[in-house]
2 protein chains.
Amino acid sequence: MASNVPTMKEIAKRLGVSVTTVSRALQNHPRIGLRTREQVHALVQQMGYVPNSTAIYLKKKCTFNIGVVLPFLTEQFFSLAISGIEDTTTPLGYSVLVVQSRNNFERERAAITSLIKHGVDGIIVSVASETQTYLHLDEAQKHGVPVVLFDRVIKRAPNSCVYSDIMVGAYEAIEFLIANGWSRIALLNGPNTLQATEERLNGYVKALQEHRIPVNIHYIKSVNLLREDTIRKTNELLNLPEPPQAILAFHDYVALDAMQVCKERGLHINKDICFVSFSNLSFCAYLDHPPIASIEQFPYEMGQKAAQILMAAIADPDTATRQEVVIKSKLIQRLE
Amino acid sequence: MASNVPTMKEIAKRLGVSVTTVSRALQNHPRIGLRTREQVHALVQQMGYVPNSTAIYLKKKCTFNIGVVLPFLTEQFFSLAISGIEDTTTPLGYSVLVVQSRNNFERERAAITSLIKHGVDGIIVSVASETQTYLHLDEAQKHGVPVVLFDRVIKRAPNSCVYSDIMVGAYEAIEFLIANGWSRIALLNGPNTLQATEERLNGYVKALQEHRIPVNIHYIKSVNLLREDTIRKTNELLNLPEPPQAILAFHDYVALDAMQVCKERGLHINKDICFVSFSNLSFCAYLDHPPIASIEQFPYEMGQKAAQILMAAIADPDTATRQEVVIKSKLIQRLE
DNA sequence: CTGTTAGCGCTTTCAA
DNA sequence: TTGAAAGCGCTAACAG
């Protein structure tokens, strides 16, 4: 911020009125003379006066800033969520502070601490894959900063959260594969720390069981979301005496890496082996052989919803109760 | 922010000292008794006191927030730049306010106004494709908020800026294509409002001329960066009596859309027609037929550099002079 | 309709 | 080594 920026005091002095009057004129307070109001506005215009928000924040005890903590901005899923958040908060005068955790718990904790210090009015977080506790979230609540979780949520946490019906998504995906004649279906799942991993597994198992297909434990792999691990686990699957015909992947990035492994081993995608994955990122459209189906999770809408809940909690801290919103996912088929 | 959060006053009262003392203890001021300091720190710990940053900001006349305005977070180029910015500002205690302009000038202007109102200490911007003036940037400078431009810069603007040597990049790309035997090379360029568009054109023309290849005006198209326009312009190129053998695209997204058009028309990528494009986004690695070469522009490093310049300008507003930093690009070849 | 006054939570002279 | 007091820029009773 600046050095010699005009303040209300100067405006008041120049106009020979009190700062109160200026303040009121600026807020279009009813009890103010039309003349005065116009004069003030004119001078404000002329001097290029911009109210000092820090002062207002100090008074009003809010900053109109909210924080967002998520694993990676570079994942389109999250940047779309940010857009959803931005679009619902900006019209209300809020700005968004973004911090990336890079799936690292310590970074996440530090990010939240830093956001509290910066005085945000609320925080939206999608937890890191490493995160196993929600104590760092309590820290925020303790300072009166509401926290809303989205996508990567901790359901036993006391915070409001919004996520997609992953279990159903996984279930439908497996049903789809079965309906198309595959029965040897593997699951390239995420880290076991994530709730979302468990749900994918549940959906997977449920669908298989309902169709009386035995669950093969060797078909279930957990990857840490790093490329190398995906490659390793995919190779393990392909090395099986009876390798899978289809793979449900944790998300598109996992699917892409796995597909590359397959290609390198001479397999033809969607012929020798086919994929279904979560996310439905836009660049899949550019692949010659995209996953045969994707589970669209509507990250933009999730961001919107999370932001709405947060806005409500900020506006009315007392009446706001814990909410749990499920965004319906949708299976997008790409049969060739 | 909260209601009943502990303040320095309470700490002082509980300890029977003055707020001054607490303040000094917290800052580890030299002139303070060891005993007192320890007592204060203990109580702070116990009460979970967090300094009210708004108050500090008001006093210190800075917020330790910086704003970043860019077209789209969903473009990996920009999210990588954000990471670069975050990584250089966070260690210094700064947080990043991100706003997307969506290539819309009005949104960009509004974003900057909003950031000034929110009291950021500085702003980094990559201008919208629509933007043709830098008056909205002057607005910030007028309020003592330094502005640094990156990538999509306005070079005649009075602000510091960092960008890549696009002309050289385009030049090398064309040389590479010529060296590999192509001479009918088209340019799917960006909007004419962008400096970057002009530079790509210059590099393109220069390389052709140096190799005594006549510049064919029908091979030069300007797209507005929306998918539909890319499709239209690509079709125009392919409909030419002598269609190009190679295309230099404004960036990967343009290349991808253009490549799809080619595929739909039965052309084989990198055989019937090949592509070179700016950006080198990571997902190109997943394509069966990626652009035959990409011009890596190092967005992370650009973000870092822009942030460094901004940090310096904030730290020392008087001595800081306008800087213009060029990040060398690099041609990544993917000959099959 | 307008001004006076107090105060948000903190830092920082100036005195003791 | 500590404290009292002023003040950052603004808002909001309360009083005219």
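Remember, predicted model here, so these are calculated numbers, not experimental data. For the numbers below, each heavy atom of this structure counts, side chains included, while hydrogens, waters and symmetry mates do not. Below, read A as the first sequence line, B as the second, and so on, with proteins coming before strands; counting in each chain starts at 1.
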Phosphate oxygens OP1/OP2 of dC10(C): is one of them under 4.0 Å from a side-chain N or O of Y49(B)?
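Looking at the OP1 and OP2 atoms of dC10(C), one of them is under 4.0 Å from a side-chain N or O of Y49(B).
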Would you kindly check whether a donor in the side chain of K59(B) faces an acceptor in the base of dG9(C), or vice versa, at under 3.5 angstrom?
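Result: no qualifying N/O pair found.
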Salt bridge between E10(B) and K13(B), side-chain N to carboxylate O under 4.0 Å?
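Salt bridge absent between E10(B) and K13(B).
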Separation of atom [atom1] in [X] from atom [atom2] in [N], rounded to whole Å:
| X | N | atom1 | atom2 | value |
| --- | --- | --- | --- | --- |
| I56(B) | dT12(C) | CD1 | C1' | 13 Å |
| F64(A) | dT11(D) | CZ | P | 12 Å |
| K9(A) | dG3(C) | NZ | C1' | 16 Å |
| I32(B) | dT11(C) | CD1 | P | 12 Å |
| Q27(A) | dT2(C) | CD | C1' | 15 Å |
| L58(A) | dG9(D) | CG | P | 12 Å |
| K61(B) | dG7(D) | NZ | P | 14 Å |
| N52(B) | dG9(D) | CG | C1' | 14 Å |

Can I get a per-line list of side-chain donor-acceptor pairs under 3.5 Å for residues 300-307 of chain B, giving both atom names and the distance, sequence neighbours left out?
unit_1, atom_1, unit_2, atom_2, d
Y300(B), OH, D87(B), OD2, 2.5
K305(B), NZ, Q308(B), OE1, 3.4

Who pairs with Y94(B) by ring pair (Phe, Tyr, Trp, His ring centres under 6.0 Å), at least two apart in sequence or on another chain?
F64(B)
Is there a residue in residues 16-24 of chain B whose heavy atoms reach under 4.0 Å of DNA chain D, and which residues are they?
G16(B), V17(B), S18(B), T20(B), T21(B), R24(B)
Could I get the full list of side chain to side chain donor-acceptor pair (under 3.5 Å) partners for E324(B), not counting sequence neighbours?
Y163(B), R322(B)
Checking T89(B) now: which residues fulfil side chain to side chain donor-acceptor pair (under 3.5 Å) with it, not counting sequence neighbours?
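None.
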Between S23(A) and Q27(A), do the side chains contain a donor N or O and an acceptor N or O under 3.5 Å apart?
yes
Quick one: list whatever passes side chain to side chain contact (heavy atoms under 4.5 Å, CB included) with [X], sequence neighbours left out.
| X | value |
| --- | --- |
| Q46(B) | R14(B), L43(B) |
| A140(B) | I112(B), I116(B), I123(B), V145(B), V147(B) |
| T131(A) | F105(A), E108(A), V127(A), A128(A), H136(A), I154(A) |

Give the angle between the helix axes at the two ends of the helix from dC1(C)-dG16(D) to dA16(C)-dT1(D), taking five base pairs at each end and rounding to 10°.
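Both end axes considered, the difference amounts to 40°.
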Counting only side-chain heavy atoms from C-beta out, which of dC10(C), dG9(C), dC10(D) sits nearest to M8(B)?
dC10(C)
